[in-house]
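Read through the structure below, which is laid out as structure tokens, and then see the notes.
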Amino acid sequence: MPGISIITALPHFVTQEEHRELTSSTPASFSELPAVLYHQESNSSITLDPPLDGFSTQDCSSGTAYVLSTVLIFWSATAGKGLQVTYPTISLHAISRAEFGPSIYCQLDETLDVDEEPSADEELELRELRINAQSEASLEPMFEALSQCAALHPDEAEEEDEEEFDDAFIDADDVDNTEFVTEGQGELSEAGRVTLSHLESILSDPHGHLPTDFHESDDEEDPSTQATTNGRPGAPQIPNGVNH
């Protein structure tokens, strides 16, 4: 489905109460359930910057905004058609009370519709959408509805990144320790002792800077290595007049 498209008919949808009734008993298929209406803003208008071909300024001047569980729609009262936006395309939405009047401001990322992402040298131009409401009291409910519906459509790229991040960790139960432990009494095998010795050398002198005859002392501490904060040992001195 294109991120932004012009539609000639409203999709079938139900109210949240009707949705609860439909799902009170297990339906034959959840995928066939109609979209759910989270918010409807009548007597609204929209502004698009840059404008969208096929949807004129006159088409944007008056209509109804529908925040559905599947898509965001503005249905023009003058053109008999509407503008449909998918939620992954909405990269940002916020309440605006600027000189344009009370509105919901959205940034639309249309790069999801192309096969190749723009290169670092290419300037990314985001389309801006404003849903202008008659009353400022409508902004909070509309914003909350948009937030709830956007949460139903998480960014697939972010989900893939999270999965790759999770794969970077290994469960301790999945680690095979048999090559480090002997079968008899749980003692370290030769390979285990070599590995342990290597780890100890890394922990005691990770960069190999200490001389071979160096010995740490538990009782002595070089006073020059201590830092102070306001005359107290343990942290760097903070200059007067600096908030912290």
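Any value given below was found using the heavy atoms of this structure, including those in side chains, with hydrogens, waters and symmetry copies removed.
A donor-acceptor pair shorter than 3.5 Å can be found between the side chains of T89 and T86.
Using a 4.5 Å cut-off on side-chain heavy atoms (C-beta onward), P11 and L68 make contact. The shortest side-chain heavy-atom distance between V14 and L37 does not fall under the 4.5 Å cut-off. Between C106 and V85, the closest side-chain pair of non-hydrogen atoms is not below 4.5 Å. Annotation: side chain of Y38 is not in contact with side chain of L146 (no heavy-atom distance under 4.5 Å). You'll find the side chain of I104 stays beyond 4.5 Å of the side chain of E41, heavy atoms only.
When every heavy atom of M142 is checked against every heavy atom of A133, the shortest pair comes out as CE-CB, 4.3 Å. The minimum heavy-atom distance linking H153 with S69 is given by the pair NE2-O, 2.6 Å. Residues K81 and G54 share a closest heavy-atom pair of NZ-O, 2.7 Å. Across A65 and S44, no two heavy atoms sit closer than the pair N-OG, 3.5 Å. Considering all non-hydrogen atoms of both residues, A79 and D59 come closest at CB-OD1, 3.2 Å.
With hydrophobic clusters built from ILVMFWY side chains whose heavy atoms lie under 4.5 angstrom apart, I46 does not share a cluster with L92. Cluster membership for V67 and Y105, using ILVMFWY side-chain heavy atoms within less than 4.5 angstrom, is not shared.
Side chain of T78 to main chain of S62: no donor-acceptor pair is present (N/O by atom type, distance under 3.5 Å, no hydrogens or angles). In this structure, R127 contributes its side chain and P51 its backbone to a donor-acceptor pair below 3.5 Å. Under the 3.5 Å distance criterion, the side-chain polar atoms of H19 are left unmatched by any main-chain donor or acceptor of P34. In this structure a side-chain-to-backbone donor-acceptor pair under 3.5 Å is present from S91 to Q107. Q84 contributes no side-chain N or O that, together with a main-chain N or O of I7, makes up a donor-acceptor pair within less than 3.5 Å.
Heavy-atom neighbours of D49 CG from other residues, nucleotides or ligands within 6.0 Å: above the threshold of 12.
Within the model, atoms OH of Y66 and OG of S42 stand 6.5 Å from one another, a figure rounded to the nearest 0.5 Å. Separating the CG atom in N43 from the OG atom in S135 is a distance of 11.5 Å, to the nearest 0.5 Å. The CD1 atom of I90 sits 12.5 Å away from atom CG of L126, with the distance rounded to the nearest 0.5 Å. Here CG of N132 is found 11.0 Å from OG of S61. Values are rounded to the nearest 0.5 Å. In this structure, OG in S138 is found 5.5 Å from NE2 in H39, a value given to the nearest 0.5 Å. Here CG of L83 is found 7.0 Å from CD1 of I6. Values are rounded to the nearest 0.5 Å.
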Test log, rule side-chain contact (heavy atoms from CB on, under 4.5 Å), inputs L72 and L129: CA-CA 11 Å; L72 169 65; L129 165 68; 4.2 Å; yes

For side-chain contact (heavy atoms from CB on, under 4.5 Å), just list the numbers for H93 and S147, CA-CA rounded to whole Å, side-chain angles, deciding distance to a tenth of an Å, and then say yes or no. CA-CA 8 Å; H93 67 281; S147 300; 3.0 Å; yes

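Classified by interplanar angle (parallel below 30°, tilted 30° to 60°, perpendicular above 60°), the ring pair F55/F74 is perpendicular.
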